[in-house]
Amino acid sequence: MIKSYAKVILNNNSKSTDQIYTYGIDEELENRIQVGKRVKVNFGKNKHIIDAVVISISANCDISKNRIKPIIEIIDDEPIIKEEMIRLCLWIRERYVCKFSDVIRLMVPSMIKYEHNIFVKVVDTGFCEIGLNRKENELLEIIKKGKIELGKLKKNYLNNDLYSLLDSLKEKNIIEIENKEKLNYKRSYEKIISLKDSNKNLEQYNINKTQNQINILNYLKEFGKVNIKKLVSDLSISASVVNNLIKKDILLCESVLYDIDESNFELEHKITLNKEQQNAVDKVINQDDKVFLLHGVTGSGKTEVYMEIIEHYQKENKQSIMLVPEISLTTQTIERFKKRFGNKIAVFHSRLSKKEKYIEWNKVYNKEVYIVVGARSALFAPIRDIGAIIIDEEHEDSYKSSTSPKYDAIEVAIKMSSILNAKVVLGTATPSLSTYHMVMKGQIELIEMKNRVKNAIMPQIDIVDMSEELNKGNNTIISELLYRNIKKSLEKKEQVILFLNKRGYSGFVSCKKCGHAIRCDKCDVSMTYHVKGNMLRCHYCGRTKKMIIKCPKCGSEKIEQFGAGTQHVEILVKHLFPNAVTERMDVDSMSNKDSYEKIYNNFKGGKIDILIGTQMLAKGFDFPEVTTVGVLSADAILNLPFYNASEKTFQLLTQVSGRAGRGDKRGRVFIQTFEPQNYIINAAKNNDYNLFINEEMKLRKEFAFPPFVNIINICMISVNEEKVIETALQKYNELSDSVQEMVQERKLLLYKPIPHAIYKVNNEYRINLFIKVSNYALGSLKKIIRAIYMEKDIENIKISININTDTI
DNA sequence: GTCTTATCAGGT
DNA sequence: CCTGATAAGACG
């Protein structure tokens, strides 16, 4: 007997089912049902069983009652998503124009798919089998092999009528469907290998020593206990070699609870905060405001402030979230937190396996930890009672998701502060324009820290005019001034960092003599060179120009397409400083994940003299011995074809400068550029955030870019080139018709679809569409976009929608 | 996501 | 008038 009704979100990935469905709640389920629990329901004309998440419960329903089916059963004993977080889900779906299932995926680790907990097995293979049809027999053969997870069965047996076949086999009492209702929280074990007798000498072992065996024994002598997986991969041997030695009683194998408490960390002594730091902590904790911007110069000790705030809420029995950019989520960062908080910490990052993520998720869910440290997705950890959300280096691009839903962690955190009553602290030395805009509008409370801790002084920054260098006859990418200073540093046994821009984004075109770069008249972004047709193109509005021969500013013919490879620089540096140890660090050379830490540790230990790298280096590299920092080409970032290129340049230059002179020696920074007069570069040199923000805000307003308007990007992707072009145009026409009125009212600017700046990637073709829209019209535009692009799936075409996420 | 129904060309 | 292929529609 149905007593009440539940609204649910189905767990499938289709655009056409991305809506809220209503199911009936039987009397017997009534006292167990709860918002945030998963339930099992029938969906569709066949008895398809799928799971769904309850998002609300009410006594009546808004559709005709004869259509309503009952909920079959409730999966969870406890909600797996908090009711408030369900509200956040709905908000994210609206805000970023995505599907419910995309959002749910953020909140629930993939390991607890319901189907992992249903098993199918054979009960009786007696005569009942007689009279089965072909399909039933086929299915039975698979199940006969042994008990199998429903999820796996689905993958093995790709037939539509799986469910009805299972039903009929079940009715004939041939199979049994076992349903573990509870989540399996069991932790896994790992195998730790060690030497049985570590005092024994190599020669004392009574075996025929093969090379592999000797390697293992030596390895274990050096490192002691090691996880078997690590041992096998480090020595690139097979596990059977290890197992053999275990059998021969030479090695010891222990099963240890995975992720066992490694709290042999010495807890660090809490340091005393200085006045500025203490003031920041007090403001966050005591003021009524919810969201704070902690604007502190590089080296002002923001991390201590974060820790103090987290500790405050820990004492109130509240959990906190600490977000850091993925790239700085290294062992060093995590160690720093473990030293302060022991094992009361869960860590989320992209290198974790599904299982590891699940383990961390459970630690938070069961309130075993008080801090969640992680990249942006850690925001959705299943926290019960939240204290603070802290976002370090808030200006970083990595807080904007590049997979659907393309959310901005900062916006989400701010929303969470009002839904969950949490404090949000955004920390950085170079606040992003959008954040600062909110400060100016009074939506965020500003806290400033203007001094470095221990009174360390800011480095001296020099701007080097590279066109002068050219006139002097120096064609290389290292100026004389920089060269002399590298040499000086090396002589004093100090370290050097050289920065290069992220390699090879499609080239902008600039004059080598005066530094003038060709920009779009209407968009004020660099135009990119296209070999096809010898054209320059703006990738926002699609406007094209003929490729120039003479510089329109100075008339010089030294026009160049930009882009110096990192390898090229490495060769040059090695040639100039043959005695120094030089290492390169970029996406190319970081093939495996350990190499980052390896280089980090070598640099820290003084084994590397010169480090060449990309943006990667600007974060979290904190070395007292670095006294010379060179930015080889500030223009390369400044002229990237993005409207926020200036902002990124200022941020990067400031962060980079912060790498120098962290110890008691004063560092020097050299910024090489063809545009020494550029205000961005000079603002960075003088550490003048206000100059930068005022100028940049003016420009953004004038050319209508965020934060003054919203930029929406709809990207269509397909392996089928013709189809993607055709569909993009057809949808554009539909859209164009629907928004006509808004365009006339000047609430909206719709650009024609244009090829993505990198048109073909991974064999897929990409067509971009840009829309600029005012805040007032954003809501109604999103409704139109959903109706046109999100109503149903189009075969072979992927659609990706971006709201104000500028790195495409 | 999966199934059902509608539709249409082509064949008997 | 049946048949198979394909597109459109519904599912609570």
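In what follows, every chain begins at residue 1, and chains take the letters A, B, ... in the order their sequences are listed.
- A:Lys731 pairs by the side-chain contact (heavy atoms from CB on, under 4.5 Å) definition with A:Met716, A:Thr727, A:Glu734, A:Ile788, A:Tyr789, A:Ile794, not counting sequence neighbours.
- No side-chain donor from either of A:Ser418 and A:Lys290 sits under 3.5 Å from a side-chain acceptor of the other.
- Protein atom CG of A:Asn13 is 21 Å distant from nucleotide atom P of C:dC11, rounded to whole Å.
- Between A:Lys15 atom NZ and C:dC11 atom P the separation is 21 Å, expressed in whole Å.
- Among the atoms of the strands shown, only primed sugar atoms or phosphate atoms (P, OP1, OP2) are found under 4.0 Å from some heavy atom of A:Tyr23.
- Residues satisfying the salt bridge (charged side-chain N to carboxylate O under 4.0 Å, His left out) test with A:Asp18, not counting sequence neighbours, are A:Arg93, A:Arg786.
- Rounded to an integer number of Å, the gap from A:Asn42 CG to B:dC3 P is 13 Å.
- Minimum atom distance to the side chain of A:Asn12 is reached by B:dG1, of the listed C:dC11, B:dT2, B:dG1.
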Atom pairs under 3.5 Å: protein N/O with N/O of nucleotides 5-9 of chain B:
none

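- Straight-line distance from the CZ atom of A:Arg67 to the C1' atom of C:dC11: 8 Å, rounded to whole Å.
- Judged as a side-chain hydrogen bond (donor to acceptor under 3.5 Å, both in side chains), and not counting sequence neighbours, the contacts of A:Lys99 are A:Asn13.
- Applying the side-chain hydrogen bond (donor to acceptor under 3.5 Å, both in side chains) test to A:Asp62 and every residue at least two apart in sequence or in another chain returns A:Lys7.
- For the 3.5 Å distance criterion, the side chains of A:Glu745 and A:Tyr776 fail to qualify, holding no donor opposite an acceptor.
- As rounded to whole Å, 17 Å separates atom P of B:dG1 from atom NZ of A:Lys792.
- Among the protein residues, A:Ser16 comes within range of the nucleic acid bases, having at least one heavy atom under 4.0 Å from a base atom.
- Here A:Tyr23 pairs with nothing under the side-chain hydrogen bond (donor to acceptor under 3.5 Å, both in side chains) rule; sequence neighbours left out.
- Rounded to whole Å, atom P of C:dG12 lies 17 Å from atom CG of A:Asp18.
- Taking atom CD of residue A:Glu791 and atom C1' of nucleotide C:dA10, one finds them 13 Å apart after rounding to whole Å.
- Atom CZ of A:Phe43 and atom P of B:dC3 are 12 Å apart (whole Å).
- Nucleic acid contact class of A:Ile20 (heavy atoms, under 4.0 Å, all strands): base.
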